[in-house]
2 protein chains.
Amino acid sequence: MTLSGKMNEKQFLAAYDKSAFDAPLLTVDAVLFTYHEGLLKVLLVERSNHPEQGKWALPGGFISEEEDKTLEDTIIRKLKEKTGVVPPYIEQLRTFGGATRDKRGWSVTVCYTALIAHQACESHIDTVSDTDWIPVEKAKKLNLAFDHLKIIQSAHERLVQKALYSIVPAYALPESFTLPELQHVHEVIIGKPLQKKSFRRRIEQADLLIEVGEKRTEKGRPASLYKMRSDSGTHKFVRNLEL
Amino acid sequence: MTLSGKMNEKQFLAAYDKSAFDAPLLTVDAVLFTYHEGLLKVLLVERSNHPEQGKWALPGGFISEEEDKTLEDTIIRKLKEKTGVVPPYIEQLRTFGGATRDKRGWSVTVCYTALIAHQACESHIDTVSDTDWIPVEKAKKLNLAFDHLKIIQSAHERLVQKALYSIVPAYALPESFTLPELQHVHEVIIGKPLQKKSFRRRIEQADLLIEVGEKRTEKGRPASLYKMRSDSGTHKFVRNLEL
DNA sequence: ATAATAGTGTCTTTCAGACATTATCTA
DNA sequence: TAGATAATGTCTGAAAGACACTATTAT
């Protein structure tokens with residue numbers, strides 16, 4: 001039947017059959033970063049099914065029309081399956097699509113970047129055999145499934161920018177952390193040392209952190225512990241740090 | 001049949017039937033901006049079909065698995081239908097999706113922001129009766145189809161940021177333009193006057209434009225004409241202008 | 001000459017870079 | 001006390017804000 005403009009909307013909707021149209025495969029994937037053992041790591045999953053069986057891939061999957069109301073619901077559900085928890089930072093990266101990125105045909109994947117403290121999901125990940133934290137630099141050398149290498153690179157590039165004008169990387173740390181720790185996360189992300197004074201000054205001036213105590217380490221002067229203010233993840237400095 | 005891990009990939013792909021899975025509706029839309037008569041305008045199309053028949057909507061549509069190799073191909077094809085030309089600036093904005101944004105069911109739309117000179121498509125748009133340039137502030141007050149209001153707001157917010165740290169808004173002007181014109185485009189986008197000296201100084205220091213002649217206007221001193229360098233659309237100033 | 005617009009000079013302010021110095025802990 | 005790490009002091013430099021000033025056109 002033709003979907004003529006002569007019907008009213010109710011009739012149109014009753015007659016409408018989505019599956020009559022050939023649509024690309026649609027998935028949602030995430031690049032979940034954490035900071036552990038001095039390295040920036042990304043969560044990868046070993047594919048158990050075709051296509052690309054056996055290769056490492058980003059966590060993600062198909063939208064569930066029953067369980068998910070939004071795209072974020074989908075990625076939260078998928079990340080929870082792998083990590084047991086919902087990451088404190090989730091932001092859409094971009095959508096990758098094309099005729100050749102998946103052997104099954106035209107495909108589209110809506111990608112998210114997420115950050116989480118390593119300790120927050122350590123125990124759960126140990127129980128999931130096909131999932132592991134891989135250092136980003138190592139992941140970039142693996143033979144990853146689909147175009148997931150390109151997606152990880154894209155997520156990393158964006159995270160570098162965020163490290164230069166925000167303190168978003170703090171979400172890769174536990175709820176309380178020291179300034180030297182946070183600075184090191186930034187340095188690992190951008191791959192370059194930063195001026196301690198510049199780093200601390202701008203955070204103090206923007207009043208982004210709350211002091212919550214003191215940390216005792218094995219050697220040297222103890223560092224103060226801080227936690228983020230509720231809105232400090234959205235703060236953007238007007239001037240970038242040098243790359 | 002079950003898609004078992006026991007098959008090899010060739011067998012798997014031969015047996016795979018995309019349409020066996022219920023998938024969300026997938027479209028690609030664009031927020032195409034231009035600068036005309038001192039205003040920032042956005043291209044809207046009057047919907048001729050259900051759902052949301054008769055309402056203004058963003059240009060866009062379904063992916064064609066035959067005609068399109070990439071998502072950009074899709075949006076370029078759709079914009080060419082409406083404007084007759086390919087905009088010089090196209091960048092992915094973000095993807096909007098959810099169970100309720102379209103009455104036909106779960107839907108996802110990959111959105112792009114694009115910029116074009118008004119004169120570049122003026123003649124073609126006059127021949128397309130259902131398409132028109134609407135001032136952004138006016139569009140925000142219309143009863144737009146789907147969640148297109150939210151999409152336009154999101155695109156505008158992103159464009160404000162770009163106006164503060166780049167000269168991307170220049171793509172909303174003809175190939176050659178004057179600095180006062182470019183400054184006014186920025187001011188219209190961010191909704192606030194800018195310091196003439198600051199605006200010009202940073203463009204000159206970064207050497208982003210090439211002088212191509214002189215423009216004679218009806219009154220006052222004539223302004224120099226400039227065109228963009230090939231890569232100046234990607235340049236980011238380290239420091240933002242004040243909002 | 002006047003009005004209008006384009007473009008420059010220059011002082012102030014802000015904030016990051018550089019790096020020396022001081023503070024506080026353990027062994 | 002020495003060694004290590006945290007935290008601060010302070011000078012320099014780069015770039016934006018503010019705004020007065022000069023330049024070039026039409027009438």
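Chain A is the first sequence line, chain B the second, and so forth, proteins listed ahead of strands; every chain is numbered from 1.
- Taking the six-membered ring where tryptophan is involved, the planes of A:F237 and A:H235 are perpendicular, since the angle between them exceeds 60° and thus also 30°.
- Nucleic acid contact for B:T178: none, since no nucleic acid atom lies under 4.0 Å from a heavy atom of the residue.
- Distances were taken from every side-chain heavy atom of B:R216 (C-beta onward) to each of D:dT25, D:dT8, C:dG17; the shortest belongs to D:dT25.
- Distances were taken from every side-chain heavy atom of A:P180 (C-beta onward) to each of C:dC25, D:dA7, D:dA23; the shortest belongs to D:dA7.
- An OP1 or OP2 oxygen of C:dA4 is reached within less than 4.0 angstrom by no side-chain nitrogen or oxygen of B:R221.
- With C:dG7, C:dA16, D:dA7 as the candidates, the nucleotide lying closest to the side chain of A:S198 is C:dA16.
- Considering only the side chain of A:P222, C:dC25 comes nearest among D:dA6, C:dC25, C:dT14.
- Contacts of B:T217 with the nucleic acid, taken as non-hydrogen atoms under 4.0 Å apart, are absent.
- Taking the nucleotide of DNA chain D with the nearest heavy atom to each of A:L179 and A:G220, the more 5' of the two is matched to A:G220.
- Judged purely by distance below 3.5 Å, without hydrogens or angles, the side chains of A:H118 and A:K41 never pair a donor atom with an acceptor atom.
- Counting only heavy atoms from C-beta on, B:R239 has its side chain closest to C:dT14 among C:dT8, C:dT14, D:dA18.
- Between A:Q205 and A:E214, the residue anchored closer to the 5' end of DNA chain C is A:Q205, taking for each the nucleotide with the nearest heavy atom.
- As judged by a 4.0 angstrom heavy-atom cut-off over every strand, B:R201 is placed among the base-contacting residues.
- In terms of the side chain to side chain donor-acceptor pair (under 3.5 Å) criterion, residue partners of B:Q183 (sequence neighbours excluded) are, by chain and number, B:E187.
- Within a 6.0 Å sphere centred on NZ of B:K69, other residues, nucleotides and ligands contribute 12 heavy atoms or fewer.
- Side-chain atoms of A:K197 lie closest to D:dG9 of the nucleotides C:dT10, D:dG9, C:dA6.
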